[in-house]
Each structure stands twice: as C-alpha cells, then as structure tokens.
Protein chains: 2
Amino acid sequence: MLDENSKYKELLNREGIKSTRHRNAILELLEESEFPLTAEQLFITLRDKTASIDLSTVYRTLDTFASKNLIIKSNRADDGKALYELNHNEHKHHLLCVGCHKLISIDDCPIGELMQTLKNKIDFDITGHKLEIYGYCHDCKKFNHTLSSDA
Amino acid sequence: MLDENSKYKELLNREGIKSTRHRNAILELLEESEFPLTAEQLFITLRDKTASIDLSTVYRTLDTFASKNLIIKSNRADDGKALYELNHNEHKHHLLCVGCHKLISIDDCPIGELMQTLKNKIDFDITGHKLEIYGYCHDCKKFNHTLSSDA
DNA sequence: AATGCAAATGCAAGGCAGTTGCAAGTGGCG
DNA sequence: CGCCACTTGCAACTGCCTTGCATTTGCATT
Ligand SMILES: [Mn+2]
Ligand SMILES: [Mn+2]
Ligand SMILES: [Zn+2]
Ligand SMILES: [Zn+2]
C-alpha cells in the first residue's frame, strides 16, 4: 500500500529507515503545521483522516524522527507536554498567548548578535538558546481589557 | 511543635495560610537553593533531614505557594519535569550546561530593553519572557575539547 | 513476481510524575 | 482547654509516555 503517500520516501531511505504510510502521514502533518504539535494532536488527526494508527506508533515514530534530527522535540513551558515540529534548521522563536495557548512565530531572532557578544564575555561555551515570549494575542487582549474594565 | 522553624510564620499568615513544619521547611530549602528544584528533590531532602513527609504534601504545598505567588513553577525544557523556585520578583536567566546539567545564573537580563522595543512593533501584549542559554560549562568545555581532539 | 528477513506496527501491560478522596491530625483562635 | 477549618498521610487513581511481544510489512535479493 504505497500510493503517492510516498512523498518522503527518499528522505526516509536516506536516513536508513523505511518509508511507511504512518511515517509519511506524520511528516506531512508536521510540514503543514505552523507550530509544534503534541503527539495526541497528531494521533487524533491521523485517526480521523487516514487509517487508524496506534498512539504508541506515533510516539515511536516521533522518537525515531527526533533521533535522526528530522524533527525537534521540546516541552511546553507551562504544562511540560511534549511538542514536536519539523526541523527546518532555521532559528525561530514564538509568542505564546497565555490566554488561548496560540503560538505565533516570529521570523528573526531578536537576540542573535547579543549571544555573540555574550560568548566573548563569559567562561561558557554557548551552543544555543531558547527564547519564549509570553502575553496576550490580539483576540485575548481585547477580551482581557473588557474583563478588567469591569472591576 | 512549632520551635524556631517558624521562620516564615508572618509571611504565611499574611497569605492567609497556616504556618506548619513542612511549609517552613520547604520555604527554607527553596531559599537556600541557587536554582529551581523538583518536587522529588525537595521530598528526598526533607525525608532525610527532618521528619518524614508525604510526596503528595510536597506537591500540595508547592501548588499552594505557587497560587500565592510565593514561588514560581516552571517545566524543565529537556524532560518537562516541574521545577519550583522562590519568587524573588527579580528577573533572572540561566546558563544550562548540556554536559553536566549544571545551572548557572546570569544576573541581568540581556534582552530587557529589546522586549520594550518589540512591544511597540507587534500586535501582542507581552507580559513576560523566558530565555535559556545552552552550552558547555568551564569543566565540560575542557572535557569536550579533549574528546573531540581524539577524532 | 515470489521469498526472506529485519524493521515497523498494534495491542496490552507497565512506568512514572503528579493528582485526588477521605479519614486522621494539627494550628490558630477564643 | 476545646473547637473547627485547614493540613496531612495514605492509597488509589489519572494522564502522558514507554515497553514487550506477536504479527505484519517494506524492501532487497533472487
Ligand atoms: Mn534566538
Ligand atoms: Mn529576561
Ligand atoms: Zn490568545
Ligand atoms: Zn557542565
């Protein structure tokens, strides 16, 4: 059963792993998404959209991808849930709305050169950084304002 | 049983909660620590040092403190475990050594004014941010160098 | 195209961090 | 002291994630 879902066959074989329906579907979903997804989000989408998949397969697939550096695994700051996103090898940051949990990407790194400066000042070999910005998105901002003006 | 462990009695009463042996002990441990601790770390230290405590009490106490904003709860970026630290109301960041998991505090926020600038540029109400810097500490840097020079 | 085998999967059980219900204990107040 | 709401211990439970094992499937080779 290998119709044109084999979109990622080359990529997967290049990494020395088999091209399967599930793996292709998961890569496709991650590619379509603008922000990191939880294993459960992937699981539910796949169960509804394509043929059924087991949750453990989702986790194993994600682990495999992460070990091949195809995707990046992280943990959500507020509840610690695991998040997965395609590794575009591009440096990115997000605005996290604490009202509705929306994630908004910001394209460039606001602190890139700052890291460079810092590297020369401290006895610590910096290899990377993670910046998360919290607040209220356009929609929740309005809602918040309405609420607080009642007080 | 309220000897001089009642160091935080006033603080606790001010928040409308009772001063107990466990609560005082937990606050003391958090105050002594230079970096955030897990519930389990607190649990083990308390079990060994003072009279026994139940892990659920540790969690409930930490939740109570967090709801009063006495402490800050976060989730470790690499494994998602919950971390707790005293809320000094001071803005801090850490260098995380990916070699030995050591956390090194850096005093000032390297991006404070940058946030200010950003606030005026985007349609998002920024309330805070979290910056983590990864790399190798002085010790692990040396070790790493030794390893890579073998190749 | 058929064969063979290692890799991938489904299923069910298990592990671990954190939570909750409830009965017993304790702090703070009169 | 004596009361009572708050706190705690204990044990069961939940949710996220992992693992063992039998079965299936990709894919290389014939
Ligand atoms: Mn950056
Ligand atoms: Mn900062
Ligand atoms: Zn929002
Ligand atoms: Zn180190």
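Please read all numbers here as calculations on a predicted model, not as lab measurements. Each chain gets a letter, A, B and so on, in the order the sequences are listed, and its residues count up from 1.
Distance A:Asp78 CG to C:dG18 P: 14 Å, rounded to the nearest Å. Put simply, NZ on B:Lys73 is 14 Å from P on C:dA17, counting in whole angstrom units. Atom NZ of A:Lys81 is separated from atom P of D:dC17 by 7 Å (rounded to the nearest Å). Counting to the nearest Å, the C1' atom of D:dC17 and the CG atom of B:Asp79 are 13 Å from each other. Note: CG (B:Asp63) to C1' (D:dC6) measures 16 Å, nearest angstrom. Rounded to whole Å, atom P of D:dC6 lies 10 Å from atom NZ of B:Lys68. Note: CZ (A:Arg76) to P (D:dG15) measures 16 Å, nearest angstrom. Spacing between atom OH of A:Tyr84 and atom P of D:dC16 amounts to 12 Å, rounded to whole angstrom units.
For B:Tyr59, no side-chain nitrogen or oxygen approaches OP1 or OP2 of C:dT19 to under 4.0 Å. The shortest distance between the side-chain N/O atoms of B:Lys9 and the OP1/OP2 oxygens of C:dG28 is below 4.0 Å.
In this structure, A:Leu30 and A:Tyr84 approach most closely via the heavy-atom pair CD2-O, 3.5 Å. When all heavy atoms of A:Tyr8 and A:Glu28 are compared, the closest pair comes out as OH-CA, 3.4 Å.
Linking Ile, Leu, Val, Met, Phe, Trp and Tyr residues whenever their side-chain heavy atoms come within less than 4.5 Å leaves A:Leu83 and A:Leu46 in two separate clusters.
The environment of A:Glu90 atom CD is dense: over 12 non-hydrogen atoms of other residues, nucleotides or ligands sit within 6.0 angstrom. B:Glu32 CD: more than 12 foreign heavy atoms inside a 6.0 Å radius.
When each of B:Asn13 and B:Ala82 is assigned the nucleotide of DNA chain C with its nearest heavy atom, B:Ala82 is the one assigned upstream, toward the 5' end.
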Per-nucleotide protein contact along nucleotides 1-10 of chain C, 5' to 3', at a 4.0 Å heavy-atom cut-off (B base, S sugar-phosphate only, - neither), is -----BBSBB

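D:dT30: Watson-Crick or G-U partner is C:dA1, with both key distances under 3.5 Å.
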Step by step, would you call A:Asn24 with A:Ser6 a side chain to side chain donor-acceptor pair (under 3.5 Å)?
-> CA-CA 6 Å; A:Asn24 279 274; A:Ser6 321; 5.5 Å; no

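Ring orientation note: the planes of B:His91 and B:His129 are nearly perpendicular, at an angle over 60° on the 30°/60° scale.
Salt bridge A:Lys92/A:Glu85: absent, no basic N to carboxylate O contact under 4.0 Å.
Without hydrogens or angle criteria, A:Asn87 side chain to A:Asn69 main chain gives a donor-acceptor distance under 3.5 Å.
Taking every heavy atom of residues 34-48 of chain A and every atom of DNA chain D, no pair lies under 4.0 Å.
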